[in-house]
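Reckoned from all heavy atoms, side chains included, excluding hydrogens, waters and symmetry mates. Start at 1 with the first residue, then count along the sequence. Both ligands and their constituent atoms are indexed starting at 1 by order of listing.
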Amino acid sequence: MRDERGALRPETNEASGTSAVRSSNDAFLRALFREETAHTPIWLMRQAGRYLPEYRALRERVGSFARLYKNPALACEVALMPLARFPLDAAIVFSDILTIPDAMGLGLSFVENEGPKFERPLRDERAIRKLFVPDPFDRLRYLPDAVSVTRHALAGSVPLIGFSGSPFTLACYMVEGGVSKDYRFVKTMLYDRPDLMHRILDVAADAALVCLNAQIESGAQAVMVFDSCGGVLSTAAFREFSLPYTRRILEGLIAEKDGTRIPSIVFTKGGGAWLESIAATGCASLALDWMTELGEARRRVGARVSLQGNLDPQVLFAAPERIAAEAEKVIDAYGADATGLVFNLGHGVSQFTPPEHVGALVEAVHRYSRKLKSTKKSRLRR
Ligand code: 1CP
């Protein structure tokens, strides 16, 4: 089905027939809202990616990463790959945060083993003044279409997450032109020409917002903002150049779709010092990197937001028994009986992770949390 703008639209809640029911497994959405669940839901950042041999084979066949995410049917196929292997509690649309600057005309390419590169990084004032907000249903049409095709294919099995980069993280890639170790260009601009930095952030915030809302309109049931570079800032700079722009996105998000609230998650890598201010932006949930202790985070902000995280992704290199033991530690750190935890890694799955180890993690989180939650229930009945 296509709407008046010609975009693909999911047949809403086709599986249930009612608009109020979320998904047959709604543990992920319930946990985001700090409601009771029978188990702790789990999904992993970058769950659909290079550690899966079927992903590598498809990318090889198709020729590039961009050909995958620009084709809604292939993007859907990739998003479903990890779910075919593991009983994960959420799916995430297969795309990249850098599609927004690409649609702004910066010329994105992905160079093998070097990561993303922009042909025209933003360095001069004229280019910055000309920056514009791309129409998500025009230049980025493949993204809302991928959301709608994936939502349809999930058929109500688990919820679908949409995402974007935070304005500051987008600005880092746009100014640096790719991955950076020292953030030299972006920090030079931020301190020397804060007016230009604010101009980029202003456009990036509007672009991220329209892009997230397009994903919600197309069927995303939760959205996540990745501030993967936020942690490189001083506290003062974070308060000036990252936080207000993330807040602006959260304030503009579509809050409810078909009678169901749409929760938002904010991930600030290296943001452990600022949890209170991030929680005050209005997000439903904070995603934490592995440096932050979950129990401490819960004491600081757990009454306001749910938490997502935060196993060190490199634990997945260890043997399955060690993975299970480390996962239990994460759950225990949060508070075994508690509501409001979505299990995840503290950052994306490494491409060198053996897929069976991801299976062992998902199994351990489900098994251990089910045991703890049923013990709590029978304790309450007594
Ligand atoms: O096949 C390939 O070589 C492409 C590898 C790849 C993949 C699978 C890239 C390149 N991006 C992605 C997908 C992707 N990116 C998803 C898909 C959904 C999922 O989680 O399964 C998401 C959510 C992202 C988000 C993203 N891209 C972030 C934010 C999260 C994070 O990891 O901090 C960032 C910073 C990027 C930039 C990016 N894209 C790709 C690379 C190599 C990079 C540079 C950063 C890095 O090395 O991870």
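Taking the centre of each ring, Y245 and F168 stay at or above the 6.0 Å mark. Checked against a 6.0 Å centroid threshold, the rings of F65 and Y55 do not count as neighbours.
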Exercise. Run the salt bridge (charged side-chain N to carboxylate O under 4.0 Å, His left out) check on D102 and K70 step by step: do they pass?
Worked result: CA-CA 12 Å; D102 187 39; K70 288 190 174 176; 3.7 Å; yes

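Below 4.0 Å from some heavy atom of V179 lie the following atoms of ligand 1, by number and element: 44 (C). Close approach of ligand 1 to V93 (heavy-atom distance below 4.0 Å) involves ligand atoms 18 (C). For ligand 1, the atoms sitting less than 4.0 Å from at least one non-hydrogen atom of Y55 are 1 (O), 2 (C), 4 (C), 8 (C), numbered in the order shown with element in parentheses. Numbered from 1 in the order shown, with element, the atoms of ligand 1 that lie under 4.0 Å from a heavy atom of S228 read 29 (C), 30 (C), 31 (C), 33 (O). Close approach of ligand 1 to F226 (heavy-atom distance below 4.0 Å) involves ligand atoms 23 (C), 29 (C), 30 (C). Under a 4.0 Å criterion applied to the non-hydrogen atoms of A48, ligand 1 contributes the atoms 8 (C), 21 (O). Each of the atoms 35 (C), 44 (C), 45 (C) of ligand 1 lies under 4.0 Å from some heavy atom of Y173. Near F110, with a cut-off below 4.0 Å to any heavy atom, the atoms of ligand 1 are 10 (C), 39 (N), 40 (C).
From the protein, the heavy atom lying nearest to atom 34 (C) of ligand 1 is I97 CD1, 3.5 Å. Protein heavy atom at the shortest distance from atom 31 (C) of ligand 1 is H347 NE2, 3.1 Å. Protein heavy atom at the shortest distance from atom 36 (C) of ligand 1 is R46 NH2, 3.3 Å. The shortest contact between atom 23 (C) of ligand 1 and any protein heavy atom is with F163 CZ, 3.5 Å. Protein heavy atom nearest atom 2 (C) of ligand 1, with residue, atom name and distance: R59 NH1, 2.8 Å. Annotation: atom 13 (C) of ligand 1 to nearest protein heavy atom, S95 O, 3.2 Å.
Relative orientation of the F238 and W274 rings is parallel, given thresholds of 30° and 60° on the angle between their planes. Aromatic ring orientation, F267 versus H347: tilted (interplanar angle from 30° to 60°).
Here E296 does not pair with R299 in a salt bridge; the nearest charged N to carboxylate O distance is not below 4.0 Å. Using a cut-off of 4.0 Å between Lys/Arg side-chain N and Asp/Glu carboxylate O, D202 and R248 are scored as salt-bridged. Salt-bridge formation is detected for the pair R85/E54: a Lys NZ or Arg NE/NH1/NH2 atom is positioned less than 4.0 Å from an Asp or Glu carboxylate oxygen. Taking 4.0 Å as the cut-off between side-chain N and carboxylate O, E112 and R50 do not count as a salt-bridged pair.
Distances from ligand 1 to the non-hydrogen atoms of P116 include at least one value under 4.0 Å. Under the 4.0 angstrom criterion for non-hydrogen atoms, E112 is not in contact with ligand 1. The closest approach between a heavy atom of C229 and any atom of ligand 1 is not below 4.0 Å. By the 4.0 Å heavy-atom criterion, F267 is excluded from the residues contacting ligand 1. The shell of residues lying under 4.0 angstrom from ligand 1, judged by heavy atoms, excludes V349.
Annotation: T169 places no N or O atom under 3.5 Å from an N or O atom of ligand 1; distance criterion only. In terms of polar-atom proximity, W43 is not counted as a contact of ligand 1, lacking any N or O under 3.5 Å from an N or O of the ligand.
If you look at R50 next to ligand 1, the close heavy atoms, those under 4.0 Å, all belong to the side chain.
Y142 meets the ring pair (Phe, Tyr, Trp, His ring centres under 6.0 Å) test with Y69; sequence neighbours excluded.
In this structure, R261 is positioned above the aromatic face of F33, its NZ or CZ under 6.0 Å from the six-membered ring centre and within 45° of the axis. Figure legend: cation-pi geometry between R123 and F185, with NZ or CZ positioned under 6.0 Å from the six-membered ring centre and within 45° of its axis.
Shortest non-hydrogen contact noted between L233 and L190 is CD2-CD1, 3.8 Å.
For atom 4 (C) of ligand 1, the nearest non-hydrogen atom from the set F65, Y69, F94 comes from F65. Of the candidates T99, N113, D96, D96 brings a heavy atom nearest to atom 39 (N) of ligand 1.
For atom 47 (O) of ligand 1, no protein heavy-atom neighbour is found at a distance under 4.0 Å.
No more than 12 heavy-atom neighbours from other residues, nucleotides or ligands sit within 6.0 angstrom of CD on E60.
Residue F317 belongs to a hydrophobic cluster whose other members are F352, with links defined by side-chain heavy atoms closer than 4.5 Å.
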